[in-house]
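Comments concern the structure below.
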Amino acid sequence: MEVYDHPTFQMACRQFDQAANHLQIPEFERPRLKFPKRAVIVSLPVTQEDGSTKVYSGFRVQHHLTLGATKGGLRYHPEVTLGEVAALAMWMSWKCALAGLPYGGAKGGIACDPHRMSRNELERLTRRFTEEMIPFIGPQVDIMAPDMGTDEQVMAWIMDTYSMQVGHTVPSIVTGKPVSLGGSLGRREATGRGVAYLVGRAADTIGLDLKSATAVIQGFGNVGSITAQTLESHGAKIIAVSDVSGGVINRRGLDLQKLNRHVAEKRTVKGFTEGDAISNEDLLLTPCDVLAPAALERQITEKNAARLQCRILAEAANGPTTPEADAILAERKDLFILPDVLCNAGGVIVSYFEWVQDLQSFFWSENEVMQKLFHILDGAFDRVLKNSRERKISMRMAALCAGIQRVREAKTIRGLFP
Ligand code: NAD
C-alpha cells in the first residue's frame with residue numbers, strides 16, 4: 001500500500017513479516033492483518049494570532065476493529081505523516097493485544113510545532129481536528145489519548161468539543177484527560193512508571209541490582225521524566241538525560257529535583273549547570289546499566305547498535321530501534337531488550353482503566369490503579385520471557401508474535417463478512 005510509504009511504516013511491516021514468518025502465517029492472510037482498516041486525512045484551517053489563516057494536515061489511522069474500539073495517541077510534531085501514524089497504529093494493535101485489552105490500535109497526528117504556537121492557536125487547531133473527526137470517533141469506535149506534543153489540556157479540549165456536538169458530557173471519548181474531568185488517577189505517570197517497573201523485572205532477570213545501577217534517558221517529556229523519577233525512587237542513579245535541544249550528563253548522578261525546576265523554567269534540560277553538555281548521539285553511547293530511549297522512532301540504528309554500552313535497553317518510545325539495529329543487537333548476548341510494545345504498555349493499560357471507570361462512572365484509588373497495572377505488566381512480561389526462552393527468539397519477536405497471534409485468532413473466529 002503505497003499511500004503509507006514511509007521509513008517507519010516500512011519498519012513496522014518488516015517487523016510484522018518477521019513475526020508472521022515465525023508464526024508461519026500464510027501469505028494470503030497477511031495483508032488483512034497488516035494494513036490499516038481505515039485512514040482519514042483532513043485539512044485544518046486555523047486562524048493565527050496575526051489574523052492570517054494557516055492550513056495544517058491532520059491524520060487518524062485505525063488499524064483494526066476486530067476486538068473492539070480502536071485506541072491510540074494523538075501526536076503534534078512538525079514531521080508527522082500518514083505513514084508514520086499508520087506504523088504507530090499497527091504497533092498499538094500488537095501492544096493492546098499483548099496486554100489483553102479489548103482494543104484495536106489507532107494513532108493520530110497533526111503536522112505542527114506546538115512549542116511555536118500560542119495557546120489559542122493550539123486550542124483552535126485541536127477543536128477543528130476534533131470536529132473533523134466526529135464521524136469517525138466515539139467511546140465505542142475510537143478513543144484518543146496524549147502522545148508526543150499533546151497533553152491533558154489537549155484531551156480536555158477534545159472531550160469538550162465532542163461533548164458539545166453530541167449534546168451531553170462524554171468523558172470516555174478520550175483518556176489521559178485531567179482527573180477533574182473524569183481522568184484516572186495515575187494515568188499521567190502510567191507509562192513511565194510501567195517502564196520503570198519492567199526495568200525492575202528485567203534487572204531481576206539478569207541479576208542486576210537497581211540500587212547500584214546507572215540510567216540514561218533520551219527524551220525528558222512525560223514518559224522520560226517519569227521514568228527517570230521512578231527509577232531514581234528505586235535507587236538508580238540518573239546520569240544523563242536529553243531532549244530535542246540537547247542533553248546533560250553528570251556521572252555522579254543528576255539532581256532530578258533541581259533539573260525539574262530548571263526544565264519548568266527554561267522548558268529544556270539544555271543549560272543545566274550541574275552537568276556537562278552532551279549530544280543526543282553521544283548520550284545513546286554512554287556507558288550505563290539502563291538506557292531508555294523515550295523520544296522518537298529510529299534512534300538506534302545499524303550505525304550505533306554495536307556501540308551501545310548498556311545492559312538493559314528499555315524502549316520507552318515507540319519504534320526506537322530499527323530492524324537493522326535489531327539484527328546487530330540479536331548477536332549481543334550482553335544486552336536485555338524490553339521491546340516497545342511491552343515496555344511502554346503501561347500508558348494504554350491505564351488508559352483502558354480510565355475508559356472503564358468513565359463508562360461505569362465509578363472511580364478507583366491510585367493504589368488500585370497501580371496494583372492492577374503491575375498485575376497486567378507482570379503477566380505480559382512473564383509470557384514474553386517464557387516464549388522468548390522456549391522458542392529461542394528475541395524478546396521483541398516473542399512480544400510481537402503474542403500480539404499478532406491474538407488478533408489473528410480473533411479475525412479467524414469472526415470470519416470474513418460478507
Ligand atoms: P512528550 O512530548 O511529553 O516528550 C517528548 C520528549 O522527547 C521531549 O522532551 C522532546 O524534547 C524530546 N524529543 C523530541 N525529539 C527529540 C529528538 N530528536 N531527540 C531527543 N529528544 C527529542 O512525549 P511523550 O508522551 O513523553 O512520548 C515520548 C515517546 O513515548 C513517544 O515515542 C511516544 O509515542 C511514546 N509513548 C508515550 C505514551 C504516553 O502515555 N505519553 C505512551 C506510550 C508510548
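Whatever order the structure lists ligands and atoms in, that order sets their numbers, starting from 1.
Considering backbone and side-chain atoms together, Glu297 places no N or O closer than 3.5 Å to any N or O of ligand 1. The N/O atoms of Lys107, backbone and side chain alike, include none that comes under 3.5 Å of an N/O atom in ligand 1. Residue Gly219 places no N or O, backbone or side chain, under 3.5 Å from any N or O of ligand 1. Among the atoms of Val223, some N or O lies under 3.5 angstrom from an N or O of ligand 1. Between Gly347 and ligand 1, no N or O atom pair is found at a separation short of 3.5 Å. The distance criterion of under 3.5 Å between nitrogen or oxygen atoms is not met by Asn344 with respect to ligand 1. In terms of N/O distances under 3.5 Å, ligand 1 is not approached by Leu296.
One finds no salt bridge joining Glu84 and Lys107 here, because no Lys/Arg side-chain nitrogen approaches an Asp/Glu carboxylate oxygen to under 4.0 Å. With respect to Arg193 and Glu366, a salt bridge is recorded, a charged nitrogen being found less than 4.0 Å from a carboxylate O. For Glu324 and Arg14, the salt-bridge test passes: some basic side-chain N is under 4.0 Å from an acidic carboxylate O.
Residue contacts with ligand 1 do not include Gln299, since none of its heavy atoms lies under 4.0 Å from the ligand.
In Asn280, the part holding a heavy atom less than 4.0 Å from any atom of ligand 1 is the side chain. Contacts with ligand 1 closer than 4.0 Å are made by backbone heavy atoms (N, CA, C, O) of Ala294 only, the side chain lying farther away. At a 4.0 Å heavy-atom cut-off, ligand 1 touches Asn222 through backbone and side chain alike. Contacts with ligand 1 closer than 4.0 Å are made by side-chain heavy atoms of Arg187 only, the backbone lying farther away.
For the residues Asp340, Val244, Leu284, Leu283, the heavy atom positioned nearest atom 13 (N) of ligand 1 is part of Val244. Among Ile226, Thr191, Asp147, the residue whose heavy atom sits closest to atom 33 (C) of ligand 1 is Asp147.
Every atom of ligand 1 is numbered from 1 in the order shown, and the set under 4.0 Å from a heavy atom of Ala295 is 7 (O), 13 (N), 21 (N), 22 (C), 28 (C), 29 (C), 31 (C), 32 (O). Close approach of ligand 1 to Ala316 (heavy-atom distance below 4.0 Å) involves ligand atoms 30 (O), 35 (C), 44 (C). Remark: ligand 1 atoms within the under-4.0 Å shell around heavy atoms of Gly149 are 2 (O).
A search for side-chain contact (heavy atoms from CB on, under 4.5 Å) contacts involving Val40 returns Val42, Met133, Phe136, not counting sequence neighbours. The ring-ring contact (aromatic ring centres under 6.0 Å, His included) test applied to Phe220 returns no partner, not counting sequence neighbours.
What sits closest to atom 35 (C) of ligand 1 on the protein, heavy atoms only, is Asn318 ND2, 3.7 Å.
The 12-atom threshold is exceeded at NZ of Lys411, counting heavy atoms of other residues, nucleotides or ligands nearer than 6.0 Å. Atom CZ of Arg408 sits in a crowded spot, with more than 12 heavy atoms from other residues, nucleotides or ligands closer than 6.0 Å.
A cation-pi contact links Lys372 to Trp364, judged by a cut-off of 6.0 Å to the six-membered ring centre and 45° from its axis.
Residues His63 and Trp94 place their aromatic rings such that the two centres sit under 6.0 Å apart.
Remark: side-chain polar atoms of Asn344 are paired, donor with acceptor, to backbone N or O of Ala317 under 3.5 angstrom.
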